[in-house]
Asker: 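Let me begin by handing over the structure; questions about it come next.
Sequence positions, counted from 1, serve as the residue numbers for this chain.
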Amino acid sequence: MKVKGKYDEKLIIKALNFGNEKAFKKLFDVYYHDIYIYSKSIIKSNEFAEGIVQEVFLKVWINRKNIDSKLSFKSYIYTIAKNLSFNFLQKAANNKNLREDVFYNSKKYCADADQILFEKELEKIKDKAISQLPPKRRLIFEMSRNQGKSYKDISKELGISMSTVKNQMSKALDTLRHLIQVHGDISLIIVCFLFN
């Protein structure tokens, strides 16, 4: 259940001030995911970010009587999350096992993000390369690579000779190879992708 506006949230905070568990649950439901993502962006660990979120809401419950309904609750819990996350990183820096765990997770998290960015860039380059082919050549290429049709099936469907299909595919692949070479170190991966 979402908090619809500042006025509603103020009422919920006032209810929380008096120990209303439903008000606490509502705030938890609204802010849990955002606080989790925020904490994870700082400490780069699913497991430890989950622990930070639990601590944030534990602090909210413990300090419920002192939370000012006139102030932004979102700013309040983000500040708690930021402080807890940085305290955690400081503690991790002084604890060998924890430091190694955080470092490993951080590298893995960054590697996953890099992979997503790389795949998006790869897709853009591939689409750009294909879009630069002449229309008939592009159609033949897409029928072969995207639809998995044989040269024989393409020649029958388009009413052209097999040698024309082969010739057009050869020219398409030459054009794509040339464009891909411009993009340096990722060319090998794209070549494998296009030519398999």
Side-chain angles (χ1 to χ4, degrees), residues 1-4 26 28-54 56 74 78 81-82 85 88-89 92 98-196:
M1 190 183 321
K2 294 273 181 191
V3 174
K4 296 202 174 45
K26 191 175 286 191
F28 181 87
D29 290 344
V30 169
Y31 288 107
Y32 170 84
H33 183 71
D34 292 341
I35 294 298
Y36 171 76
I37 296 298
Y38 178 68
S39 300
K40 185 177 171 185
S41 75
I42 296 171
I43 61 177
K44 315 294 190 236
S45 164
N46 295 338
E47 179 187 346
F48 294 124
E50 183 71 41
I52 296 290
V53 175
Q54 297 301 322
V56 166
K74 184 176 182 177
Y78 270 81
K82 180 182 74 172
S85 296
F88 172 82
L89 289 176
L98 193 54
R99 183 173 59 238
E100 287 175 6
D101 196 21
V102 170
F103 178 71
Y104 169 77
N105 282 320
S106 177
K107 279 177 58 180
K108 185 175 180 296
Y109 180 82
C110 290
D112 291 346
D114 287 346
Q115 181 64 27
I116 290 166
L117 289 173
F118 176 79
E119 286 171 6
K120 285 182 181 177
E121 190 61 30
L122 178 70
E123 194 64 29
K124 277 189 213 168
I125 293 167
K126 181 192 79 143
D127 290 345
K128 182 180 177 185
I130 292 170
S131 73
Q132 291 182 1
L133 295 173
K136 189 169 188 177
R137 197 171 294 162
R138 182 171 60 236
L139 174 64
I140 291 169
F141 180 84
E142 288 175 342
M143 289 173 79
S144 172
R145 293 302 186 257
N146 297 348
Q147 299 170 21
K149 294 185 177 181
S150 68
Y151 288 0
K152 186 177 179 181
D153 292 339
I154 295 169
S155 74
K156 280 183 184 177
E157 196 171 319
L158 297 180
I160 56 177
S161 70
M162 279 258 294
S163 64
T164 301
V165 173
K166 287 179 185 177
N167 185 34
Q168 289 296 312
M169 277 300 292
S170 176
K171 287 180 180 178
L173 295 174
D174 284 344
T175 302
L176 296 173
R177 274 187 202 103
H178 175 72
L179 185 73
I180 287 162
Q181 285 171 351
V182 173
H183 293 283
D185 58 347
I186 64 168
S187 61
L188 179 61
I189 294 167
I190 298 173
V191 168
C192 291
F193 175 78
L194 287 172
F195 303 115
N196 283 338

Asker: Apply salt bridge (Lys or Arg N to Asp or Glu O under 4.0 Å) to E50 and list each qualifying residue two or more places apart in sequence or on a separate chain.
Answerer: none

Asker: Quick one: sort the F28 and Y32 rings into parallel, tilted or perpendicular, breaks at 30° and 60°.
Answerer: tilted

Asker: Just so I know, are the side chains of I160 and K136 near enough to count as touching, which here means a heavy-atom distance under 4.5 Å?
Answerer: yes

Asker: If I take atom NZ from residue K149 and atom CD from residue E142, how far apart are they, to the nearest 0.5 angstrom?
Answerer: 12.0 Å

Asker: Working to the nearest 0.5 angstrom, can you tell me the gap between S85 OG and K40 NZ?
Answerer: 13.0 Å

Asker: Quick one: ring pair (Phe, Tyr, Trp, His ring centres under 6.0 Å) partners of Y38, sequence neighbours excluded?
Answerer: Y78

Asker: Can you name the closest pair of heavy atoms from S39 and I52 and give their distance?
Answerer: OG-CG2, 3.2 Å

Asker: Distance check, rounded to the nearest 0.5 Å: R137 atom CZ versus K171 atom NZ?
Answerer: 5.5 Å

Asker: Return the minimal non-hydrogen interatomic distance between V56 and A81, and the atom names on each side.
Answerer: CG2-CA, 3.7 Å

Asker: Going through the distances and angles, do L173 and F141 end up as a side-chain contact (heavy atoms from CB on, under 4.5 Å)?
Answerer: CA-CA 8 Å; L173 295 174; F141 180 84; 3.8 Å; yes

Asker: Looking at CD of Q168 and CE of M143, how far apart are the two atoms once the value is rounded to the nearest 0.5 Å?
Answerer: 13.0 Å

Asker: Check whether any side-chain heavy atom of L158 sits under 4.5 Å from a side-chain heavy atom of T164, and report yes or no.
Answerer: no

Asker: Mind listing the closest non-hydrogen atom pair of R138 and I130 along with its distance?
Answerer: CD-O, 3.3 Å

Asker: Would you indicate whether the side-chain heavy atoms of Y151 and I140 approach each other to under 4.5 Å?
Answerer: no

Asker: Working to the nearest 0.5 angstrom, can you tell me the gap between S161 OG and K156 NZ?
Answerer: 14.0 Å

Asker: Hey, what do you get for OG (S155) to NZ (K166), rounding to the nearest 0.5 Å?
Answerer: 9.5 Å

